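Convention: sequence-line order gives letters A, B, ...; per-chain numbering from 1. Treat the numbers as computed from the prediction; the structure is a model and nothing was measured.
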2 protein chains.
Amino acid sequence: MRRTKEDAAKTREEVLAAAAAVFYEHGVSGSSLEKIASRAGVTRGAIYWHFKDKAEVLTALHSEIRLPQETIVDGALEHGHDDPLGLIEEQSIGVVQLLADDEHQQRIFAIMILGCEFTEIRSDAAQRIITANAEMYEKLKKLIDMADRQGTLASCWTVDTAARAFQCSMNGLFGEWLRTNKSFSVVDVGERLVRSLIGSMRRQAA
Amino acid sequence: MRRTKEDAAKTREEVLAAAAAVFYEHGVSGSSLEKIASRAGVTRGAIYWHFKDKAEVLTALHSEIRLPQETIVDGALEHGHDDPLGLIEEQSIGVVQLLADDEHQQRIFAIMILGCEFTEIRSDAAQRIITANAEMYEKLKKLIDMADRQGTLASCWTVDTAARAFQCSMNGLFGEWLRTNKSFSVVDVGERLVRSLIGSMRRQAA
DNA sequence: ATGTTTACAATCATTCATGTATGTTTGTAT
DNA sequence: ATACAAACATACATGAATGATTGTAAACAT
């Protein structure tokens, strides 16, 4: 039994990996530290050495990923764009592909939206998702507003409803995909969904 | 203190109302029967008299509502339709309005999708939502398939992706609406979203 | 070589929710 | 009036999870 720095870091990682698995299977509140410890091949003592409590384990997991909502339309907002709707379209499809390619992110994202309870007593997980969603919504609004000023927003949409509808669709896409154990291709469905929505937001050239 | 039949039924209702409130605030796993009892102005004894355990309280709550997924495109599937996509469109908008008008349904629906954990160990709540979603998906597929056979499905969609995309958007709409404490108009956003999606699925007359 | 700290394991005490068992009051049938 | 059952309240017993404490072997610094 050796306990070098690298060993410690390794058990820390193993604890996190075990936590991800157990949280995914039983939900956060249904997972005891004992279960996580035994899955990781250690005792609770090891967990308590590396983390303060279960919440800190969860936080450590969360910090490992970037939410799709945080990645989407990231940057490129300050200066104007000649095609804001096109930017949303491309970036969104890119984000979907990023998520589809990263199993680790999928796991933790699934834990955040399916394995936690969204209660009024906001956990940090819920808070982060809420914040990320709010910021995503603001970004979408800015871009769609640019399109509106350029006269390229279809008349059936307002800036707010368009941003909200797009946000709902994307979140619903991710949620359904993870909830159904990835039973369909997010990329396929996502791309068509995004193109259709953005297409409907584009004012048709008369 | 009287204990007539009506009194018993009343306390049962009060327990359920308290349970809905507490579940909504703290999530299901974060709510003890003691909290629910004190909120209802009774002791745990009363709860155990009317219900077997917490799960049965939750089940009783769930049985009070019909899920939007269960209501949508309900019936009217056996015989053919001249405008299947139009049927989806109208029915979906109707379902959104139904949910928007029923606060009780909103509460319980919110508990089901936000206050519970979707784990592999499927709770009956998760199971019901999963089943309802699966059935909704099948219904959508049937209707969209009819449209496809009639040649009215736009070429950029397949039957499966169209059904899945529509399902994702609707679920995302409800989820976002409840998660943001109904910070926007589901009816407004929902109607535009539905019309846009169905519009994009309609093959344009050449 | 030795002391000190690291990185845990093992043990223990406490809390908390649950389930059950029992007590008590009131309605109701006879 | 009496007996019984309904509708709870109260008290208790249990187990699970937590957090804290202690023990300890190995690594590392001196």
Tell me which nucleotide among [options] gets nearest to the side chain of [X].
X: A:Lys54; options: C:dC8, D:dT18, D:dA9; value: D:dT18
X: B:Tyr48; options: D:dA6, C:dT28, C:dT18; value: C:dT18
X: B:Ser32; options: C:dC8, D:dG19, C:dA17; value: C:dA17
X: B:Arg44; options: C:dA9, C:dA7, C:dG19; value: C:dG19
X: B:Trp49; options: D:dC28, C:dT28, D:dA6; value: D:dA6
X: A:Leu33; options: D:dT18, D:dA7, C:dT6; value: D:dT18

Open item on the list: Check whether B:Gln106 reaches the backbone of B:Leu99 with its side chain - one donor and one acceptor, N or O, closer than 3.5 Å.
Closed with: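 Checking the backbone N and O of B:Leu99 against the side chain of B:Gln106, a donor-acceptor pair under 3.5 Å is found.
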TODO: Have a look at A:Thr43 and say if it touches a base, only the backbone sugar-phosphate, or nothing, with a 4.0 Å heavy-atom cut-off.
DONE: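 Base contact - A:Thr43 has a heavy atom under 4.0 Å of at least one base atom.
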Quick one: [X] [atom1] to [N] [atom2], roughly how many Å, whole number?
X: B:Glu56; N: C:dT18; atom1: CD; atom2: C1'; result: 15 Å
X: A:Ile36; N: D:dG19; atom1: CD1; atom2: P; result: 12 Å
X: B:Glu14; N: D:dA7; atom1: CD; atom2: C1'; result: 14 Å
X: B:Glu6; N: C:dT26; atom1: CD; atom2: C1'; result: 14 Å
X: B:Ile47; N: C:dT20; atom1: CD1; atom2: P; result: 15 Å
X: A:Lys10; N: C:dA7; atom1: NZ; atom2: C1'; result: 15 Å
X: B:Phe51; N: C:dT20; atom1: CZ; atom2: P; result: 17 Å
X: B:Lys35; N: C:dT15; atom1: NZ; atom2: P; result: 17 Å

Open item on the list: Please determine whether a side-chain nitrogen or oxygen atom of B:Thr4 lies at a distance below 4.0 Å from atom OP1 or OP2 of C:dT26.
Closed with: no
TODO: Verify the contact: side-chain N or O of A:His50 to OP1 or OP2 of C:dA7, cut-off strictly under 4.0 Å; return yes or no.
DONE: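 Result: no.
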- [ ] Can you establish whether the number of heavy atoms outside B:Lys182 located under 6.0 Å from its atom NZ is more than 12?
- [x] yes
Open item on the list: Nearest heavy atom decides the nucleotide; on that basis, is B:Lys5 or B:Glu34 closer to the 5' end of DNA chain C?
Closed with: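 Going by which nucleotide is closer to the 5' end, it is B:Glu34.
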Task: Gap separating the CD atom of B:Glu117 from the CD1 atom of A:Ile111, nearest 0.5 angstrom - done: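 Answer for the CD-CD1 pair, B:Glu117 versus A:Ile111, is 10.5 Å.
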TODO: Can you measure from CD (A:Glu70) to CD1 (A:Ile129) and round to the nearest 0.5 angstrom?
DONE: 9.5 Å
Task: Salt-bridge present (A:Arg39, A:Glu25; N to O < 4.0 Å) - done: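 Salt bridge present between A:Arg39 and A:Glu25.
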